[in-house]
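Quick notes on the structure that follows.
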Amino acid sequence: MDELTRIKLRDVLVLALADKRIGDGEKQFINDLRLAMGVGDEEFKGLLAEVRARPDGIALPADKGQLAGLFALLVQAAAADGEISSHKVQMLQQMAQTAALDEQVLNDLLGKAQQEQALREGQVEQLLEDIYLNFGAWDESQRRRKIDQFGQYGSLSVIPLLRLLESYRVPDNMPDNMEMKVMVANKLGQLQDQRAAYYLAQQVIIGNMDDEVTNQAFRFAAAEALGKVAGRDFTADQAGVEAARQWWFSEGLRTYDKLVI
């Protein structure tokens with residue numbers, strides 16, 4: 001790859017790794033970017049190894065006229081999962097200062113990205129309310145399709161999904177919220193966002209009763225989803241629940257102990 005391509009891809013990787021977590025949207029963005037740039041698997045692996053060895057090592061193009069294009073790409077990368085973390089904003093600001101980039105140029109890029117983020121947040125909230133109001137009127141396939149729609153919002157959907165998982169609110173015209181929570185657990189497992197681990201674990205360790213808070217199907221789904229998030233093979237059955245409980249108390253609790261809602 002040429003030097004400008006290396007600089008762009010390296011800086012995108014540095015930014016993506018800044019908060020120690022690369023979401024699905026970021027992974028897809030980076031993969032699409034490196035393919036569009038003609039960077040092969042081995043070159044990419046080598047560059048990734050360089051960045052992991054020196055995660056604070058940013059690079060900047062010698063041509064100052066290329067800076068705005070680089071930072072537009074970096075803002076795109078920062079927003080690839082639907083939200084730009086405050087840590088990444090700070091890093092972009094530091095990079096811009098190092099590069100002597102006009103502060104207003106970065107502010108304009110961030111402003112546009114944050115407007116798009118706010119729009120997407122509103123769409124997620126509307127989807128959440130739509131599910132509460134209409135879940136009972138839909139057939140099973142429609143219910144699954146609606147829950148699946150959260151997937152298009154990437155990591156931006158994780159907190160709203162966790163709110164559904166934790167809430168006592170029952171969808172209109174439904175006897176309880178267990179079917180909805182099973183589908184939510186399945187979606188969180190598909191997203192594989194580590195922020196969900198603690199909350200899924202709470203549904204696994206709650207006990208074996210069936211009541212208004214939990215039931216067998218929900219525990220089975222939560223155990224399987226927890227396995228996907230944590231890289232474990234917990235099956236959607238009682239054996240999977242027991243394995244997930246044992247793992248949680250012996251190991252998982254020390255790793256996934258952060259609350260986000």
Side-chain angles (χ1 to χ4, degrees), residues 21 23-25 81-83 85 116-230 234 236-238 240-241 244-245 248 252-253 256-261:
R21 181 184 63 83
D24 289 342
D81 260 340
E83 57 183 334
S85 69
E116 291 173 355
Q117 177 182 329
L119 176 62
R120 288 165 63 83
E121 287 174 348
Q123 291 170 342
V124 170
E125 289 299 318
Q126 183 56 54
L127 176 58
L128 201 93
E129 190 62 19
D130 192 22
I131 287 169
Y132 275 125
L133 293 177
N134 299 303
F135 195 84
W138 297 326
D139 61 24
E140 183 179 355
S141 64
Q142 288 176 304
R143 292 169 182 173
R144 291 187 184 281
R145 283 198 299 271
K146 276 293 180 178
I147 297 295
D148 280 343
Q149 283 182 23
F150 280 104
Q152 68 185 311
Y153 297 100
S155 67
L156 190 63
S157 69
V158 172
I159 300 297
L161 283 169
L162 290 176
R163 284 162 49 198
L164 282 174
L165 196 78
E166 294 279 289
S167 177
Y168 289 100
R169 181 178 173 183
V170 175
D172 291 359
N173 303 310
M174 291 291 290
D176 57 47
N177 55 16
M178 290 296 102
E179 182 181 351
M180 179 189 73
K181 290 194 174 189
V182 167
M183 293 182 183
V184 168
N186 289 334
K187 178 51 63 178
L188 286 167
Q190 291 170 13
L191 291 171
Q192 296 183 9
D193 191 300
Q194 293 186 357
R195 290 173 293 175
Y198 178 88
Y199 299 90
L200 291 166
Q202 303 316 298
Q203 306 307 326
V204 171
I205 66 175
I206 195 171
N208 294 327
M209 73 291 286
D210 285 4
D211 55 24
E212 70 278 2
V213 175
T214 187
N215 66 15
Q216 186 182 73
F218 183 29
R219 290 191 296 276
F220 288 1
E224 183 178 43
L226 178 59
K228 290 178 180 178
V229 169
F234 301 143
D237 52 26
Q238 190 59 35
V241 168
R245 287 173 179 167
W248 179 252
L253 181 57
Y256 303 100
D257 60 349
K258 292 183 180 178
L259 293 147
V260 294
I261 60 172

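Given the structure is predicted, the values throughout are model-derived calculations rather than measurements.
- Between the OG atom of S157 and the CD atom of Q123 there is a distance of 12.5 Å, given to the nearest 0.5 Å.
- Screening residues 150-166 for salt bridge (charged side-chain N to carboxylate O under 4.0 Å, His left out) gives E125-R163 as the qualifying pairs, with residues at least two apart or on separate chains.
- Of all the heavy atoms in Y153 and V124, the pair that sits closest is CG-CG2, 3.5 Å.
- Under the rule for a side-chain hydrogen bond (donor to acceptor under 3.5 Å, both in side chains), the partners of D210 that lie at least two apart in sequence or sit in another chain are R219.
- Counting heavy atoms from C-beta on, the side chains of R143 and K146 never come closer than 4.5 Å.
- L156 approaches Q117 most closely through the heavy-atom pair CD2-O, 4.3 Å.
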Fill in: Full working for side-chain contact (heavy atoms from CB on, under 4.5 Å) between Y199 and L188
CA-CA 10 Å; Y199 299 90; L188 286 167; over 6 Å; no
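- Distance check: L253 CG to I205 CD1 gives 8.0 Å after rounding to the nearest 0.5 Å.
- We find the CZ-CG distance between F150 and L128 to be 5.0 Å, quoted to the nearest 0.5 Å.
- The pair R144-E140 meets the salt-bridge criterion, with a side-chain N (NZ, NE, NH1 or NH2) lying under 4.0 Å from an Asp/Glu carboxylate O.
- With Q142 contributing its side chain and D139 its backbone, the two residues share a donor-acceptor pair below 3.5 Å.
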Discussion item. Using the rule given for salt bridge (charged side-chain N to carboxylate O under 4.0 Å, His left out), can you reason through E212 versus K181, listing the C-alpha separation, both sets of side-chain angles and the distance that settles it, and then say yes or no?
Written reply: CA-CA 12 Å; E212 70 278 2; K181 290 194 174 189; over 6 Å; no
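- Between F218 and L165 there is a side-chain heavy-atom pair separated by less than 4.5 Å.
- The side-chain heavy atoms of E179 and F135, taken from C-beta on, include a pair separated by under 4.5 Å.
- When all heavy atoms of R245 and V204 are compared, the closest pair comes out as NE-O, 2.7 Å.
- Y198 contributes no side-chain N or O that, together with a main-chain N or O of V260, makes up a donor-acceptor pair within less than 3.5 Å.
- For the atom pair CD of Q216 and CE of M178, the computed distance is 13.0 Å after rounding to the nearest 0.5 Å.
- Counting heavy atoms from C-beta on, the side chains of F220 and V182 never come closer than 4.5 Å.
- The structure places CZ of R169 at 11.0 Å from CG of N177, a figure rounded to the nearest 0.5 Å.
- K187 NZ to I147 CD1: the interatomic distance, rounded to the nearest 0.5 Å, is 9.0 Å.
- D172 pairs by the side-chain hydrogen bond (donor to acceptor under 3.5 Å, both in side chains) definition with nothing, not counting sequence neighbours.
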Worksheet item: Run the side-chain contact (heavy atoms from CB on, under 4.5 Å) check on L191 and L161 step by step: do they pass?
Response: CA-CA 11 Å; L191 291 171; L161 283 169; 3.6 Å; yes
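- Taking both residues in full, the closest heavy atoms of Y256 and W248 are given as O-CH2, 3.1 Å, listed atom of the first, atom of the second, then distance.
- Of all heavy-atom pairs spanning N186 and E224, the tightest one is OD1-OE1, 4.4 Å.
- Closest approach of L226 and A244 over heavy atoms only: CD2-CB, 4.2 Å.
- For the pair D130 (side chain) and L133 (backbone), a donor-acceptor distance under 3.5 Å is absent.
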